[in-house]
Structure formats: C-alpha cells, structure tokens
Amino acid sequence: MRRSIFSLALNALTGHRLWRPTWRDAVPKPEYDVIIIGGGGHGLATAHYLANVFGIQRVAVLEKSWIGSGNAGRNTTIIRSNYLLPGNNAFYELSMKLWEGLEQELNYNAMVSQRGIVNLYHSDAQRDAYARRGNSMRLHGVDAELLDRDQVRAMVPFLDFDNARFPVKGGLLQRRAGTARHDAVVWGYAAAASRRGVDIVQNCEVTGFIRNGDAVVGVETTRGSIRAPKIAMAVAGNSSRVAALAGLRLPIESHVLQAFVSEAVKPLIPGVVTFGAGHFYVSQSDKGGLVFGGDIDGYNSYAQRGNLPVVEDVAEGGMALMPMIGRIRLLRSWGGIMDMSMDGSPIIDRSPLPGLYLNAGWCYGGFKAIPGSGFCFAHLIAKGEPHPTAAALRLDRFERGYLLDEKGQGAQPNLH
Ligand SMILES: Cc1cc2nc3c(=O)[nH]c(=O)nc-3n(C[C@H](O)[C@H](O)[C@H](O)COP(=O)(O)OP(=O)(O)OC[C@H]3O[C@@H](n4cnc5c(N)ncnc54)[C@H](O)[C@@H]3O)c2cc1C
C-alpha cells in the first residue's frame, strides 16, 4: 500500500488496523521470464528496476532464508561515491544519484541521510593520494573537498590529532555521502517490486540448475523446479557456491566481515569518519549507537560470524583514532560473508553459460552500490547489453588483464 500524509493520518485515527503487509510473500509459479537468485539488496533492486523501469514483470526473487538476512541487513550502512578509477567512479556516482531520489521513487522511508564522509590522511604521501582521488572525482562530476587539519578538527574535534604514530593531518570529504537504513532499503525495494507483480519467494533455496545443453533454463529449489529463459545470480557471499552448482569457478573468495554497535550516546559524530592509518571506520546511528567496523577476518568462510582477534584489531584502530571510545560499552557485534573479488571491484555481466547472468564481487562496499547495481543489472538482463556506466565491470577483465584495482593492492582480498 502507498504511504502518504493521508494514509498516515487515516491510520493514526483508526488504530493502525488498515495497514497492509509491505510486500506479498508469494508461492513460486512453475515459470517466469526472469528468476533472480538472492533476496538481498541487489536481487530486490534488480527486480524493482526490471518491473518498474524495463517493463518485465514476470519476475521471481528466490531467497533461501528471509529477505535481508544476508549482508543487506548486516552492513554498516555507508553510502558514498568517492572512487578513483574510470570504470568505478561513474558507476558509483550513478548509484549515489539514485540514492538521492530513492525514497520518492520507492514511496518508502529508507532513512537516506547525506551526512558526509571524511577519509583521514596521516602523512604527506597519503594527502597526495587523496588529492589525486579528489581531483579524479571532481573531473567526473563527483563532489570532493580536501580538508586540512583545522577543517577536520572543526568537524570532529574529539579525534587524537597529535597521536605520536598516526597524527591526523587532514581528510578528503564527500559531503553527499552518508548512511541509509539497511533493512528499510530491502523492504522498500521489495514493496516497489511486489506492487508491480514480482513474486518474492522466501525460504526457497536454489540447489541446482536445469540445463539444456550449455544453456541454463531453470533452477531446482527446495520448493520445486522453476523455469525461466533468464536467470540472474545476486547471492553476494554465496556467489562461488551457487556458481559451482552451474559448474563455474569465479575469481571470488568468501571472507567474514564483522560490524559493531555501541550503547547509545548523545550526538557525537556528525557523519562517517574513516581512519587512514589502519582499518577502522565509524558513524553514529539515529538511535545514538556508534556503528563501526574494520578488517575482514582474513580466512575463507561461509559462516556469518567472526572471531575475537579481529574484534581486538578493530578496537585498537578505534582507540588510536579516538581514545575516548575505550569508555563506551559494546552492545552487539555480528558478521556477514563478503564476496571478495581479485581486484576489489564488482562484476555485472553475463556468465559464459547462455541464460545465466552474474552480479557479484561486491567486497566491503556493495551496500552503497545497491541502486546502481540493480539498475545496471536489470538493463543488462532486459536489453542484453551492459549499461554504459557498468561496461567495465566484466568477468573477463581478469583474463584480459584489465583489472579495476581501485586501491592498487593486487589480487589480495585481505587488502581491499
Ligand atoms: C559487516 C558488514 C559491513 C558492511 N558495510 C558496508 C558499508 O558500510 N557500505 C557498503 O557499501 N557496503 C557494506 N557492506 C557490504 C554490503 O553489505 C554487501 O556488499 C551487499 O549487501 C551485498 O549485496 P546483497 O545486499 O545483495 O547481499 P545479501 O544481502 O547477502 O544477499 C544475498 C542473498 O542471497 C541469498 N542466497 C544465497 N544463496 C542462495 C541460494 N542458493 N538460493 C537462494 N538464495 C540464496 C542469501 O540468503 C542472501 O539473502 C558490509 C558488509 C558487511 C558484512
């Protein structure tokens, strides 16, 4: 049902008994035009754009658990488009622009909050690298400002500016970056897709592919066989497992990434702050909790939980940056499975098997990409050719040597 000032007022006056479920929990049909595997942000966004922009409504999203139970509901909610390389920056900026109109488009409050992100630099060399990144962003029409130490101090005065090892010398600011409420993004896309007739099928795990020669023409699931001429994978941390069901080996490793939320405190951090001398980033939720994270756990896993050494490592990063964080109590922590690609950039492409499409390799950063990825993946599925802004995100770039190595770290997932 649509939300408006009138529906809010009507429900307020009638005891909130008129609200309808946000989306239909569908029973799978035997056949569709497109099957999307994975009810995370990317799968649901793809379904929304297929149905609402590209006019393909016989679509099913098959989710093995409940929608948003994967990384979409586990991430630290940062959205930004502060990328360096052509191939990445236009794509993430498209996503940023879609975030900016998302709530009106979906008729759903996703709590998109453009509160800004500051990437701190701690040395002259790092300042030069951030100046280069900022210039590249501005050349591509993305907002970027290089801040000196005093400008950063005015924004976030509680940082340890004179830390003996990692003094804060300034930062790269993107004001249009920020946060969004992760599960509301899932619900918003589900609602908009469901309104157009997309079947969202929960508790439906894809266990195999139905083949006609090389072509993929359907899926076997825990709720029976379902056929479609086009099948799209958007299973994030499970990409290598699901691809293996079709006999494919992807340039992707699955790793655990943990996140942490503290007890609620009064407003402290205006936007998102990232430490440049270690892996630590922090923002504050609207409820007051500090939301922070750091490195992946550093071993391959499909378990959605992490281990204590990384908890300690993240806490050390936090203490080096803002020592007063040592006084705060941790409320919750959890883990998600990251689909780490070998150059740190994603893949939106056809697979080598006719009928099977790939959306994977989102590493740490797939939440911010949800609108752009959904739009470009839907474009590829509907029109049979890549959207121009996602044209570089091809699977064969690893074979051809055209890597999108944003951080210049090489094929080392633990460094991306
Ligand atoms: C702790 C943490 C912090 C993060 N922080 C950020 C951040 O601040 N900013 C940012 O941009 N990104 C962040 N990310 C990354 C981001 O969350 C992911 O890249 C993104 O959510 C992945 O896409 P998705 O939402 O589609 O994935 P998911 O939500 O994982 O969706 C994939 C779905 O596929 C389903 N599935 C798997 N196998 C099958 C099968 N066989 N059959 C049917 N369904 C199946 C899963 O159950 C799952 O629901 C973070 C991730 C984590 C874990």
Side-chain angles (χ1 to χ4, degrees), residues 28 35-47 60-83 92 95-96 99 117 177-180 182-183 185-186 189-190 200-209 219-223 226 231-246 254-261 272 274 281-283 291-297 302 304-306 310 314 332-341 346 359-374 377 416:
I35 291 173
I36 297 167
I37 312 172
H42 292 253
L44 290 162
T46 306
V61 178
L62 308 181
E63 166 53 49
K64 71 173 175 179
S65 183
W66 68 90
I67 60 169
S69 56
N71 291 344
R74 293 165 181 267
N75 66 78
T76 39
T77 77
I78 299 166
I79 59 175
R80 57 185 171 86
S81 57
N82 52 0
Y83 280 72
Y92 284 100
S95 202
M96 195 70 222
W99 280 114
I117 186 168
T179 56
H182 46 12
D183 38 18
V185 173
V186 170
Y189 273 118
I200 296 166
V201 187
Q202 301 184 104
N203 299 311
C204 182
E205 177 170 359
V206 170
T207 53
F209 288 95
V219 289
E220 302 290 358
T221 79
T222 47
R223 297 177 71 174
I226 311 175
I231 297 177
M233 271 178 53
V235 291
N238 284 282
S239 295
S240 39
R241 281 217 281 219
V242 175
L245 298 175
S254 286
H255 285 262
V256 182
L257 177 66
Q258 301 190 57
F260 308 85
V261 172
V272 183
T274 75
Y281 59 94
V282 61
S283 66
V291 181
F292 54 94
D295 264 323
I296 51 177
D297 269 42
Y302 293 109
Q304 289 178 311
R305 60 176 183 276
V310 167
V314 172
R332 296 193 305 274
S333 70
W334 62 87
I337 319 166
M338 321 302 306
D339 39 331
M340 306 297 291
S341 68
N359 173 311
W362 294 102
C363 303
Y364 286 159
F367 179 67
K368 71 175 92 68
I370 285 173
S373 157
F377 201 32
H416 285 299

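In listed order, ligands and their atoms are each counted from 1. In this chain, numbering begins with 1 at the start of the sequence shown. As the structure is a computational prediction, the values presented were derived from the model and not from experiment.
Here the CZ-CE distance, from Phe377 to Met233, works out to 8.5 Å after rounding to the nearest 0.5 Å. A distance of 11.5 Å separates CE in Met338 from CG in Asp297, rounded to the nearest 0.5 Å.
Using bins of under 30°, 30° to 60° and over 60° for the plane-to-plane angle, the ring pair Phe260/Phe292 lands in the parallel bin. Aromatic ring orientation, Tyr83 versus Tyr92: parallel (interplanar angle below 30°, classes split at 30° and 60°).
Among protein heavy atoms, the minimum distance from atom 48 (C) of ligand 1 is reached at Glu63 OE1, 3.4 Å. With respect to atom 38 (N) of ligand 1, the closest heavy atom belonging to the protein is Asn238 CB, 3.6 Å. In terms of protein heavy-atom proximity, atom 25 (O) of ligand 1 is nearest to Gly41 N, 2.9 Å. Closest to atom 5 (N) of ligand 1, if we only count protein heavy atoms, is Thr76 OG1, 2.8 Å. Scanning the protein for heavy atoms near atom 42 (N) of ligand 1, the closest one is Val206 N, 2.9 Å. The protein atom (non-hydrogen) at minimum distance from atom 11 (O) of ligand 1 is Lys368 N, 2.8 Å. When only non-hydrogen protein atoms are considered, atom 13 (C) of ligand 1 lies nearest to Tyr364 O, 2.7 Å. The nearest heavy-atom contact from the protein to atom 22 (C) of ligand 1 is Ala236 CB, 3.7 Å.
Taking only nitrogen or oxygen atoms, main chain and side chain alike, Val242 does not reach within less than 3.5 Å of ligand 1. When only interatomic distances are considered, the shortest N/O to N/O separation between Asn71 and ligand 1 falls below 3.5 Å. The distance criterion of under 3.5 Å between nitrogen or oxygen atoms is met by Phe367 with respect to ligand 1.
Within the listing of ligand 1, atoms 43 (C), 44 (N) sit less than 4.0 angstrom from a heavy atom of Leu62. Less than 4.0 angstrom separates some heavy atom of Cys204 from each of these atoms of ligand 1: 43 (C). Each of the following atoms of ligand 1 lies closer than 4.0 Å to a heavy atom of Met338: 15 (C), 51 (C), 52 (C), 53 (C). Shown in contact with Trp362 at under 4.0 Å from a heavy atom are these atoms of ligand 1, numbered in order with element: 19 (O). Counting the atoms of ligand 1 from 1 in the order shown, those under 4.0 Å from a heavy atom of Ile37 are 42 (N), 43 (C). Of all atoms in ligand 1, listed by their number and element, those nearer than 4.0 Å to a heavy atom of Ala259 are 1 (C). Of all the atoms in ligand 1, the ones that sit under 4.0 Å from a non-hydrogen atom of Gln258 are 1 (C).
For Ser341 (side chain) and Pro346 (main-chain N/O), no donor-acceptor pair under 3.5 Å exists by modelled atom type. Side-chain N or O atoms of Thr46 include one that pairs as donor or acceptor with a backbone N or O of His42 at under 3.5 Å. The backbone N or O of Asn238 lies less than 3.5 Å from no partner atom in the side chain of Asp339, so there is not a single donor-acceptor pair.
The minimum heavy-atom distance between Leu245 and Val206, with the atom names listed, is CD1-O, 3.7 Å. Considering every non-hydrogen atom in both Thr179 and Ile79, the closest pair reads N-CG1, 3.9 Å. Residues Ala180 and Val185 approach most closely at CB-CG2, 4.2 Å, considering heavy atoms. Considering all non-hydrogen atoms of both residues, Glu63 and Ser69 come closest at OE2-OG, 3.6 Å. Closest non-hydrogen pair, Ala190 versus Ile200, comes out as O-CD1, 3.4 Å. Contact record, Asn71 with Ile337: ND2-O, 2.6 Å, taken as the closest heavy-atom pair.
Considering only heavy atoms from C-beta on, Val201 comes within 4.5 Å of Arg223 through its side chain. For the pair Tyr364 and Ile296, the minimum side-chain heavy-atom distance is below 4.5 Å. Contact check for Leu62 versus Thr221: side-chain heavy atoms found under the 4.5 Å cut-off.
Of the listed residues (Ala369, Gly43, Gly38, Ala72), the one carrying the non-hydrogen atom nearest atom 34 (O) of ligand 1 is Gly38. Residue Lys64 holds the heavy atom nearest to atom 43 (C) of ligand 1 of all those in Gln304, Lys64, Arg74. Here the shortest heavy-atom distance to atom 4 (C) of ligand 1, taken over Ile78, Asn359, Ile79, Asn75, belongs to Asn75.
Taking a 4.0 Å cut-off on heavy atoms, Gly335 fails to register as neighbouring ligand 1. Residue contact annotation: Gly365 has a non-hydrogen atom under 4.0 Å from ligand 1. The shortest separation from a heavy atom of Gly68 to ligand 1 is not under 4.0 Å, leaving the residue out of contact. For Ala234, the heavy-atom gap to ligand 1 drops under 4.0 angstrom.
By the criterion of a heavy-atom distance under 4.0 Å, the backbone of Thr77, and not its side chain, is placed next to ligand 1. Contacts between Arg241 and ligand 1, counted as non-hydrogen atom pairs separated by less than 4.0 Å, are absent for every part of the residue.
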